[in-house]
Amino acid sequence: MEIALHIGANCTDEDRLLKSILKNGDTLAEHGINAPNPGKYRRLIRETIQNLNGAAPAENARQIMLDAILDDDTPRRLVMSNTNFICVPNRIFDNGVLYDQAEFKLRGFLQLFPEDEIDIYLALRDPATFLPDSYKRSNADSFTAFMQGREPHGVVWSDLVRRIRQIAPHATLTVWCNEDTPLIWAELVRDIAGLDRNVKITGGFDLLASIMSKEGMNRFLAYMQVHPPKTDAQKRRVIAAFLDKYALTEEVEETVDLPGLTAEDISDMSEAYEEDVARIAAMPDVTFIMP
């Protein structure tokens, strides 16, 4: 069985990707795909991994998990998503390491499903916006306490990606930038769900509708009906053009406020992020989705 596991990162799509996938229940079923309600697996998997604490699960653990998660026969592909899979925001920098629990959580998951083909999905986000948003959602007493000794300038995603590749070398790993999601939303929905590009889906423009004016969205949909794009690249260009004209400023622009950091510091962090993304995109064992 294939298992798609969307692990975050925290403070990226806010479960909107999963909601778009869940809108396509009938289509998924027709293709042997099951995307259960997250209430059936998030707590169950988290507590099981924690209780095992690195120990090998019982021989029937996989089947017990599947019986609890699925209502019917085992599907060709099982889709699960939890942007807090590795940890909640408060623990992102445990021991001063970005996602220090990644190895523990992924190893535990792989032990639970040793017979299956695992596809891991991870969204990245510019540390200049990721850090203040994560800190705001944590219960840390201060930004310094939240970072646990880690310097904001030293936060890079490529280290985490390499660690994931080391702990799950036989899994596929698909990565993208959260900043690009309006342009690649439908592609992400299909990819995570395991649907071909020619399969019609519902919710392919869910995110776009939340960041574009109503007038702009109506014009965009009308344009797409008259001029349907032949490729994903063409569709992205059309989306980018309409966003450039009709994007809601309050939805696409973020005010970055990090204690002790100047505007120049934040600019340097964003520049370093772009360089880090380029490193990840160049990794041969990573599928990077870009506009």
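Looking at heavy atoms from C-beta onward, I69 lies in side-chain contact with L44 at the 4.5 angstrom threshold. A heavy-atom distance below 4.5 Å is found between the side chains of I192 and L17. Counting only heavy atoms from C-beta outward, the side chains of M224 and F242 never approach each other to under 4.5 Å. The side-chain heavy atoms of L243 and M212, taken from C-beta on, include a pair separated by under 4.5 Å. Using a 4.5 Å heavy-atom threshold, the side chains of E14 and T83 count as separate. For the pair I92/F130, a side-chain contact is recorded, criterion being any heavy-atom separation below 4.5 Å from C-beta on. No side-chain heavy atom of L112 sits less than 4.5 Å from a side-chain heavy atom of R62. At a threshold of 4.5 Å between non-hydrogen side-chain atoms, the residues V79 and I33 count as touching.
Using a distance-only test at 3.5 Å, with no hydrogens or angles considered, a donor-acceptor pair links the side chain of D126 to the main chain of A128. Judged purely by atom type and a 3.5 angstrom limit, E2 has no side-chain atom pairing as donor or acceptor with the backbone of E117. Looking only at distances, no side-chain donor or acceptor of S267 sits under 3.5 Å from a matching main-chain atom of A263. A distance-only check finds no donor-acceptor pair linking the side chain of R190 to the backbone of A193 [under 3.5 Å]. Checking side-chain atoms of D265 against main-chain N and O of T262 turns up a donor-acceptor pair under 3.5 Å. Of the possible polar contacts, one joining the N24 side chain to the S20 backbone as a donor-acceptor pair under 3.5 Å is found. In this structure, the side chain of Y246 does not engage the main chain of I211 through any donor-acceptor pair within 3.5 Å. Looking only at distances, no side-chain donor or acceptor of D196 sits under 3.5 Å from a matching main-chain atom of N198. Without hydrogens or angle criteria, Q234 side chain to K230 main chain gives a donor-acceptor distance under 3.5 Å. Remark: side-chain polar atoms of Y135 are paired, donor with acceptor, to backbone N or O of F143 under 3.5 angstrom.
Taking the charged nitrogens against the carboxylate oxygens, D119 and R77 do have a contact shorter than 4.0 Å, which makes a salt bridge. For D159 and R163, the salt-bridge test fails: no basic side-chain N is under 4.0 Å from an acidic carboxylate O. Remark: E47 engages R43 in a salt bridge, criterion side-chain N to carboxylate O under 4.0 Å. Taking the charged nitrogens against the carboxylate oxygens, D15 and R42 do have a contact shorter than 4.0 Å, which makes a salt bridge. With salt bridges taken as basic N to acidic carboxylate O contacts below 4.0 Å, one links K40 and D71.
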Open item on the list: Determine whether D232 and R197 satisfy the following criterion, salt bridge (charged side-chain N to carboxylate O under 4.0 Å, His left out), listing intermediate values before the conclusion.
Closed with: CA-CA 9 Å; D232 286 330; R197 184 186 182 277; 3.0 Å; yes

Open item on the list: One pair to check against side-chain contact (heavy atoms from CB on, under 4.5 Å): M269 and L261. What are the steps and the verdict?
Closed with: CA-CA 10 Å; M269 288 173 64; L261 296 182; 3.8 Å; yes

Open item on the list: Before you tell me yes or no, could you show the steps for E30 and K200 under salt bridge (charged side-chain N to carboxylate O under 4.0 Å, His left out), namely the whole-Å CA-CA distance, both residues' side-chain angles and the distance that decides it to 0.1 Å?
Closed with: CA-CA 12 Å; E30 291 172 5; K200 291 185 177 181; over 6 Å; no

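The structure places CG of L131 at 10.0 Å from CG of D133, a figure rounded to the nearest 0.5 Å. Atom CG of residue L160 and atom CG of residue L124 lie 8.5 Å apart, to the nearest 0.5 angstrom. The distance from atom CG of L28 to atom CG of L78, rounded to the nearest 0.5 Å, is 11.0 Å. A distance of 9.0 Å separates CG of N82 from CG of N10, quoted to the nearest 0.5 Å.
For the residue pair R125/T129, the side-chain donor-acceptor check at 3.5 Å is satisfied. Using modelled atom types and a 3.5 Å distance limit, the side chains of D13 and N178 yield no donor-acceptor pair. Side-chain polar atoms of D276 and S158 form a donor-acceptor pair below 3.5 angstrom. T48 and N51 form no side-chain donor-acceptor contact under 3.5 Å, judged by distance and modelled atom types alone.
Remark: aromatic rings of F220 and F205 are close, center separation under 6.0 Å.
Aromatic ring orientation, F85 versus F109: perpendicular (interplanar angle above 60°, classes split at 30° and 60°). Using a 30° and 60° split on the angle between ring planes, F146 and F93 fall in the perpendicular class, above 60°. Taking the six-membered ring for Trp and thresholds of 30 and 60 degrees, W176 and Y121 have ring planes inclined between 30 and 60 degrees apart.
When each of L221, L183, I239 is tested with L208 by the rule side chain to side chain contact (heavy atoms under 4.5 Å, CB included), just one qualifies, namely I239.
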